[in-house]
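Structure, as C-alpha cells:
Just the heavy atoms: all of them, side chains too, but no hydrogens, waters or symmetry mates, feed the values below.
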Amino acid sequence: MKWLELLTVAGATLVAAATVVTLYALGVRFTAIAADAEQTSPGLKRSFAYICFCLCGIAVLIGLYLIIPYFSK
C-alpha cells in the first residue's frame, strides 16, 4: 500500500472539512451579528454571511463533483 498517498488524501480531507466547517461557522456568526439591532451596518455583515454560505456550498458541490463518477467522464 502507498502510505504517502493515503496521508495525502487524509490531509486534504482534514483541510477541506475544516474549511467548510469554518466557513459555515463564520456565516452563522455574521448572521447573528447582523440580527443585532445595535449594529451600524447589518447589511454588510449579512452579505458577508451569504458569501460564506455560498463558498461553503461551492465547496460541497466540488466535493460531489469529485466523488460522483458520472460527472468526471
Side-chain angles (χ1 to χ4, degrees):
M1 184 172 203
K2 298 179 182 179
W3 291 102
L4 184 59
E5 292 174 1
L6 179 65
L7 290 176
T8 303
V9 170
T13 303
L14 184 64
V15 168
T19 302
V20 169
V21 169
T22 303
L23 284 173
Y24 188 78
L26 280 173
V28 170
R29 179 67 179 149
F30 278 129
T31 303
I33 291 173
D36 188 14
E38 298 176 1
Q39 287 296 320
T40 56
S41 60
L44 181 65
K45 291 172 180 68
R46 188 171 293 118
S47 64
F48 282 145
Y50 292 152
I51 289 170
C52 288
F53 288 139
C54 287
L55 289 174
C56 186
I58 289 170
V60 169
L61 290 176
I62 289 172
L64 287 174
Y65 174 78
L66 292 174
I67 290 172
I68 299 173
Y70 177 76
F71 297 128
S72 61
K73 285 184 181 179

Q: Kindly write out the residues that satisfy side chain to side chain contact (heavy atoms under 4.5 Å, CB included) with Thr40, not counting sequence neighbours, or none if the list is empty.
A: none

Q) Within a strict 4.5 Å, meaning less than it, do heavy atoms of the Phe53 and Thr31 side chains meet? A) yes

(Q) Can you list everything that forms a side chain to side chain contact (heavy atoms under 4.5 Å, CB included) with Ile58? Sequence neighbours excluded, please. (A) Ile62

Q.
Grouping I, L, V, M, F, W and Y whenever their side-chain heavy atoms are under 4.5 Å apart, do Ile68 and Tyr65 come out in a common cluster?
A. yes

Q: Is it possible for you to say whether Leu66 and Phe71 belong to one hydrophobic cluster, with membership spreading through side-chain heavy-atom contacts below 4.5 Å?
A: yes

Q) How many angstroms lie between atom CG of Leu55 and atom CD1 of Ile51, to the nearest 0.5 angstrom? A) 7.5 Å

Q: Tell me, please, which residues at least two apart from Leu7 pass side chain to side chain contact (heavy atoms under 4.5 Å, CB included).
A: none

Q.
Quick check: closest heavy atoms across Arg46 and Ala34, and the distance to 0.1 Å?
A. NH2-O, 3.6 Å

Return all side-chain donor-acceptor pairs below 3.5 angstrom for residues 18-30, not counting sequence neighbours, or 'none' if the list is empty.
residue, atom, partner, partner atom, Å
Thr19, OG1, Val15, O, 2.7
Thr22, OG1, Ala18, O, 2.6

